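Residue numbering restarts at 1 for every chain, and letters A, B, ... go by the order of the sequence lines. Predicted, not measured: the structure shown is a model, and the values here were computed from it.
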There are 2 protein chains.
Amino acid sequence: MNRGKKAITIYDIAEALGVSSATVSRALKNNKSIGAATTKAVQEMANRMGYHPNKMASSLRTKKTKTIGVIFSWINRPFISSVISGIEDIANQEGYNVIISQSNDFYKKEVSNAHTLLSSRVDGLIVSLAMETTQYDHFNTFLQNNIPVVFVDRICPDLDTDRIIIDNFDAGYTATKHLIDQGFRQIAHLEGAQNRLIFKERKEGYVAALRDHGIEINEDLILYSRLSYEEGWQSMEKLLRGKTIPKALFCSTDNAAIGALQCLKSKGLRVPHDVAIIGFNDDPTARIIDPPLTTISQPSVEMGRIAAQQVIKKRPYNESVKSETIILKTKLVIRGSSVIEDVRAFYP
Amino acid sequence: MNRGKKAITIYDIAEALGVSSATVSRALKNNKSIGAATTKAVQEMANRMGYHPNKMASSLRTKKTKTIGVIFSWINRPFISSVISGIEDIANQEGYNVIISQSNDFYKKEVSNAHTLLSSRVDGLIVSLAMETTQYDHFNTFLQNNIPVVFVDRICPDLDTDRIIIDNFDAGYTATKHLIDQGFRQIAHLEGAQNRLIFKERKEGYVAALRDHGIEINEDLILYSRLSYEEGWQSMEKLLRGKTIPKALFCSTDNAAIGALQCLKSKGLRVPHDVAIIGFNDDPTARIIDPPLTTISQPSVEMGRIAAQQVIKKRPYNESVKSETIILKTKLVIRGSSVIEDVRAFYP
DNA sequence: TTGTATGCGTTATCAC
DNA sequence: GTGATAACGCATACAA
């Protein structure tokens, strides 16, 4: 089988059956104007001949591609790959394809990805912004052409589009309050890039919780980084060298929290007895580390599903609803890293 | 901006410039038969008008979609999402789109995904088989139509296609030998579905290593499961209730290994002193758990990159090379879970 | 209930 | 160098 046989078209089926291509086209879509017998004959023949409809041709004609474009920073991160899994789930159910691209947190790559997806004439776009991005022109063409854009997690405050998010302020507040409730008052925070709303709001929640409980904000206890494992470790070292060593720590990612935790362990300090820790995301590592990490869990797969549903079910803009912001619930998962009486359960 | 303006075409540019659409088409592709001045004018106008080429039309005409289809079991797993990240990386570099679908380890979904991707007329296919799959007809159409199919990790032994794999036998052998070298002789194994080659070969490596060192195979020490965290835990419990309690354990996934490890810890047993453990994959959890898990690491991102390169660069079948099997190196990452003199480093 | 004819936006084959 | 035109495979308005 050396030469590629060329793909079967509706014309081939039509010829084999002695009917017109129009009839075949209709019969394949179960158009009721076609007789039951013909319809059956066409579909059987299509099967027998190994027909696979050409999506390009159909899309060109109907101007619908049944394709969702996706742009995320990195797809190999627990939270993000779960969101994508959710997107793919619904898309598949609804007969949509998903084209995935990653920005690697670069503005330029995000723009280029957006252009590519525009050329692919996606029917909708799901985006979580790159760390760098502060300009949003590359999404305008989508909006102008009435292609629904849904932001997930790292949203765009300036654009009036659908958004699927969690209440990051509330989550930050809850996490910090939990530490306060355990009796801690010197509470540090590892913050992320403040031009991304999620990190800004988590920090604001932290600050508000302290304020509400009469605890003064100590800027020395707030450290900025990109919140990787390594940076979590380094930040902890910096904190340990500081004037006031915190008794507790709220981190805006699990990675940073776990880095900090390992740093403490490496120096013979105990968690939570010397420093209590809370992370953010509930990555698989969180329940595995010893002590297991208290953290904020987000419904990642669900976020993806909802995002896909929004894109697919989206009403046209000229109806009453212009854009929707859907806020999902988070959960404070309390584990050993923040609670002194260590009732730690190994089993999930 | 309520009504969607319809997308710009080469005709719009042609009209604006008073040239023909053919000239525009050529100029946009930097065809040298077009004068430098015209070319420049066209490209500038295209930019100014916000032109984005319609991929559907172009694909229909050229019969090339510049799209790679991908089928994996689940995309939210560390190893797999890294492979995909690698694929996307190269694809992006080469101007290809990536359409992702997951089989959820179901045969039926894999077949349906394959059909969808066929309809999308992907220029190539990258697959890692579902757990269930034992029939491979759904890939034949691709091969007959000369669409390159590359299997990654979970390959198809019956189909003559490109493959990107690791030497699972060697890895299983190396892992087991490492345990033997530490002085262990009662070594158990948690195996996966034997109809997937990767698990079969890992087990065969384990068996061979034991044989080569004069250790008898004890079938009671070989337990089958789907190798999840929970199943790893349960398998460990079963082993602990057995006649001969193993001194060491080689698991075909990190998840199972970590489940087993946590089970031991929950019962007050110590790793590696009571039971030494080795996993497989080097998931992020492996270096985080206490003690850190000795495991086999695979170059996951690299596997993805190579798979994408194979798909894109693929020579036509009528040249001399028909198919290639690329075997990548694995590495035994030795950590605290398998070595008694616990020189454990917390820092990566 | 079915057939005919046209166009979707590109590219490629001719011709000039 | 550039222009006219056909063709890719499908869906649909209009006829019959």
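Residue B:Tyr11 has no polar side-chain atom (N or O) positioned under 4.0 Å from OP1 or OP2 of C:dG7. Distances shorter than 4.0 Å separate some side-chain N or O of A:Thr23 from OP1 or OP2 on C:dG3. Between A:Lys29 and D:dT12 there is a side-chain polar atom (N or O) within less than 4.0 angstrom of OP1 or OP2. Between B:Thr38 and D:dT2 there is a side-chain N or O to OP1 or OP2 distance below 4.0 Å.
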When you compare the protein's N or O atoms with those of nucleotides 13-16 of chain D, which come within less than 3.5 Å of each other, and at what distance?
from	atom 1	to	atom 2	distance (Å)
D:dA13	N6	A:Arg26	NH1	3.3

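With the nearest nucleotide of DNA chain D identified for both B:Ala36 and A:Ile8, B:Ala36 has the one nearer the 5' end.
In this structure B:Ser101 satisfies the side chain to side chain contact (heavy atoms under 4.5 Å, CB included) test together with A:Glu88, B:Ile71, B:Asn113, B:Leu117, sequence neighbours excluded. Remark: A:Ser73 engages no residue in a side chain to side chain donor-acceptor pair (under 3.5 Å) (not counting sequence neighbours).
Rounded to a whole Å, the NZ atom of A:Lys64 is 21 Å from the P atom of C:dG7. As a whole-Å value, the separation of B:Leu17 CG from D:dG1 P is 18 Å. In this structure, A:Ile10 atom CD1 and C:dT4 atom P are separated by 13 Å, rounded to whole Å. In this entry the distance linking NZ of A:Lys40 with P of C:dT1 reads 17 Å, nearest Å.
Listed nucleotides D:dT2, C:dG3, C:dT10 differ in distance to B:Ala57; the shortest reach to its side chain belongs to C:dT10. Relative to the side chain of A:Val19, the nucleotides D:dT2, C:dG3, C:dG9 differ in distance, and C:dG3 lies closest. Considering only side-chain atoms of A:Lys63, the nucleotide from D:dG9, C:dT4, C:dG9 that sits closest is C:dG9. Looking at the side chain of A:Leu60, the nearest of the listed nucleotides C:dT10, D:dG9, C:dT1 is D:dG9. Out of D:dA4, C:dT2, C:dG9, the shortest distance to the side chain of B:Ser20 is found at D:dA4.
Residues from residues 114-124 of chain B lying near DNA chain D, meaning a heavy-atom separation below 4.0 Å, are absent.
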> What do the steps show when you test A:Asn195 against A:Thr134 for side-chain hydrogen bond (donor to acceptor under 3.5 Å, both in side chains), and what is the final call?
Replying inline: CA-CA 8 Å; A:Asn195 60 331; A:Thr134 51; over 6 Å; no
Please list, one pair per line, the donor and acceptor atoms closer than 3.5 Å that link side chains of residues 15-35 of chain B to other protein atoms, with sequence neighbours excluded.
from	atom 1	to	atom 2	distance (Å)
B:Ser20	OG	B:Ala22	N	3.3
B:Ser20	OG	B:Thr23	N	3.2
B:Ser20	OG	B:Thr23	OG1	3.2
B:Asn30	OD1	B:Gln43	NE2	2.9
B:Asn31	OD1	B:Ser33	N	2.9
B:Asn31	OD1	B:Ser33	OG	3.0

Which pairs of donor and acceptor atoms, one on a side chain in residues 44-52 of chain B, lie under 3.5 Å apart (sequence neighbours left out)?
none

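Within 4.0 Å (heavy atoms only), B:Thr9 reaches sugar-phosphate atoms of the nucleic acid but no base atom. Contacts of B:Ser25 with the nucleic acid, taken as non-hydrogen atoms under 4.0 Å apart, include base atoms.
Ion pairing of A:Lys313 with A:Asp162 is absent here, as no side-chain N (NZ or NE/NH1/NH2) approaches a carboxylate O to less than 4.0 Å.
Rounding to the nearest 0.5 Å gives a distance of 10.0 Å between NZ of B:Lys55 and OG1 of A:Thr67.
Counting only distance, with no hydrogens or angles, the side chain of A:Arg163 and the backbone of A:Cys156 share a donor-acceptor pair below 3.5 Å.
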